[in-house]
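A short write-up of the structure that comes next.
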Amino acid sequence: MKIKDAEIISLMQNPRTQDKGVRALMDAYQSRLYWHIRRIIVDGDLAQDTLQETFIKAYQNFHQFKNDSQLYTWLYRIATNEALQQVNKMKKMQKTDEDPEYHMQNLVADNAEDDAEEIQILLQNAIQSLPEKQKLVFMMRYYDDLPYEEISKIVDMSVGTLKTNYHYAKQKIEDYIKENYEK
């Protein structure tokens, strides 16, 4: 039985049922948020930690949810911010001169056995090479199939800017794959 957002909101707003509301919130959105975070943070364990931080923030700040957007949009924004903070922390902590894409390429290239897998790896590398805003917009649009209006609320950008960022991201990804694909 899938619980509706209105029920989750009602449970979360009542201090006596808030724990049940958190469980319902997690059950309803855990998977979708995890994969959104995972596309920003490649490491699965770190993505899981970031997901937990997302739910903690949502729990602590639920009183700020104004019900002027969908619950998922609000959670998505928290998850996005948490993931980007984690990426920034990782960049600051990086002690090597090597490019992070180089590490990822070597980790996954060892297991690449066929063309489809190679293209998938190239796609992930291409996405990781994008500027942060373009990467975020591309992932929300391409993977999560969110409408521009929804993305606009999440990242606080105009629809026109989002469309431009998506167009440039798509073009850079296509160019990257064409340049790096070896047949």
Side-chain angles (χ1 to χ4, degrees), residues 1-93 120 123-124 127-128 130-170 173:
M1 177 178 94
K2 190 168 181 176
I3 190 165
K4 298 200 183 311
D5 282 356
E7 294 174 63
I8 294 172
I9 293 167
S10 177
L11 290 168
M12 289 292 292
Q13 289 174 336
N14 183 342
R16 288 187 287 166
T17 59
Q18 199 169 31
D19 288 344
K20 185 177 180 184
V22 169
R23 284 191 297 278
L25 185 74
M26 290 173 73
D27 288 344
Y29 294 108
Q30 186 166 341
S31 181
R32 287 173 70 191
L33 289 174
Y34 171 78
W35 287 108
H36 168 64
I37 293 167
R38 180 73 191 266
R39 285 187 281 276
I40 298 171
I41 302 172
V42 179
D43 180 85
D45 291 335
L46 199 50
Q48 189 63 43
D49 291 345
T50 305
L51 176 66
Q52 295 307 317
E53 286 299 317
T54 298
F55 284 122
I56 290 169
K57 284 258 171 78
Y59 173 77
Q60 291 172 338
N61 297 299
F62 198 80
H63 63 279
Q64 293 178 352
F65 178 68
K66 303 288 185 234
N67 221 356
D68 57 353
S69 65
Q70 292 181 349
L71 184 56
Y72 181 66
T73 304
W74 184 73
L75 290 169
Y76 208 95
R77 185 174 199 144
I78 294 171
T80 300
N81 290 337
E82 287 297 311
L84 291 176
Q85 283 178 2
Q86 195 61 253
V87 166
N88 288 334
K89 283 181 196 174
M90 290 177 353
K91 283 180 183 176
K92 287 178 185 174
M93 289 173 42
Q120 188 61 31
L123 175 62
Q124 291 307 312
I127 291 169
Q128 293 303 317
L130 293 172
E132 287 301 319
K133 284 183 183 178
Q134 288 179 10
K135 182 189 317 182
L136 199 56
V137 171
F138 180 81
M139 288 188 301
M140 287 183 195
R141 185 82 177 137
Y142 181 79
Y143 286 114
D144 298 322
D145 200 28
L146 291 176
Y148 287 113
E149 293 74 19
E150 193 83 11
I151 299 170
S152 175
K153 292 176 186 173
I154 293 167
V155 297
D156 199 26
M157 268 191 241
S158 74
V159 171
T161 302
L162 291 172
K163 287 180 178 179
T164 301
N165 274 295
Y166 183 74
H167 172 76
Y168 285 130
K170 222 169 73 170
I173 289 169

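Here the structure is a predicted model, which means the values were calculated and not measured.
The OG1 atom of Thr80 lies 3.0 Å from the NE2 atom of His36; values are rounded to the nearest 0.5 Å. The CG atom of Leu25 sits 5.0 Å away from the CG atom of Leu75 when rounded to the nearest 0.5 Å. For the atom pair CD1 (Ile154) and CG (Asn81), the distance works out to 10.5 Å, reported to the nearest 0.5 Å. Taken from NZ in Lys163 to OG in Ser152, the straight-line distance is 11.0 Å, to the nearest 0.5 Å. Of the inter-residue distances, the one linking Ile41 atom CD1 with Gln48 atom CD reads 11.0 Å to the nearest 0.5 angstrom. In this structure, Ile9 CD1 and Gln70 CD are separated by 10.0 Å, a value rounded to the nearest 0.5 Å.
Side chains of Phe65 and Leu71 form a contact here, defined as non-hydrogen atoms less than 4.5 Å apart. Counting heavy atoms from C-beta outward, Asp156 and Arg77 have side chains that approach closer than 4.5 Å. Two residues are said to be in side-chain contact when any heavy atoms from C-beta on lie closer than 4.5 Å; Glu53 and Asp49 fail this criterion. Looking at heavy atoms from C-beta onward, Ile127 lies in side-chain contact with Tyr143 at the 4.5 angstrom threshold.
For the pair Ser158 (side chain) and Thr161 (backbone), a donor-acceptor distance under 3.5 Å is present. Side-chain atoms of Ser10 do not come within 3.5 Å of backbone N or O of Ala6 as any donor-acceptor pair. Judged purely by atom type and a 3.5 angstrom limit, Asp43 uses its side chain to pair as donor or acceptor with the backbone of Leu46. Looking at Arg141, its side chain does come within 3.5 Å of a backbone N or O of Leu146 through a donor-acceptor pair.
Annotation for Arg38 and Val42: closest pair NE-O, 2.6 Å, computed over non-hydrogen atoms. Residues Asn165 and Lys133 approach most closely at OD1-CB, 4.4 Å, considering heavy atoms. Of all non-hydrogen atoms in Gly21 and Ile8, the two that sit nearest each other are O-CG2, 4.0 Å. The heavy-atom pair separating Arg39 from Gln128 by the smallest distance is O-NE2, 3.4 Å. Scanning both residues, Ala83 and Ile37, for their nearest heavy atoms gives CB-CG2, 4.3 Å. The minimum heavy-atom distance between Leu84 and Leu136, with the atom names listed, is CD1-CD2, 3.9 Å.
Environment of OH in Tyr34: crowded, with over 12 heavy atoms of neighbouring residues, nucleotides or ligands closer than 6.0 Å. The number of heavy atoms from other shown groups lying within 6.0 Å of OH (Tyr59) does not exceed 12. For Tyr166, the OH atom counts as densely surrounded, since its 6.0 Å shell holds more than 12 non-hydrogen atoms of other residues, nucleotides or ligands.
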Given side-chain contact (heavy atoms from CB on, under 4.5 Å), test Lys135 with Glu132 step by step and report yes or no. CA-CA 5 Å; Lys135 182 189 317 182; Glu132 287 301 319; 3.5 Å; yes
Any chance you could lay out the side-chain contact (heavy atoms from CB on, under 4.5 Å) test for Tyr29 and Leu51, step after step, and finish with the verdict? CA-CA 10 Å; Tyr29 294 108; Leu51 176 66; over 6 Å; no
Worked check of side-chain contact (heavy atoms from CB on, under 4.5 Å) between Phe55 and Ile78: CA-CA 9 Å; Phe55 284 122; Ile78 294 171; over 6 Å; no
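Relative ring orientation between Phe62 and Trp74 is described as perpendicular, the plane-to-plane angle rising above 60° on a 0-90° scale split at 30° and 60°.
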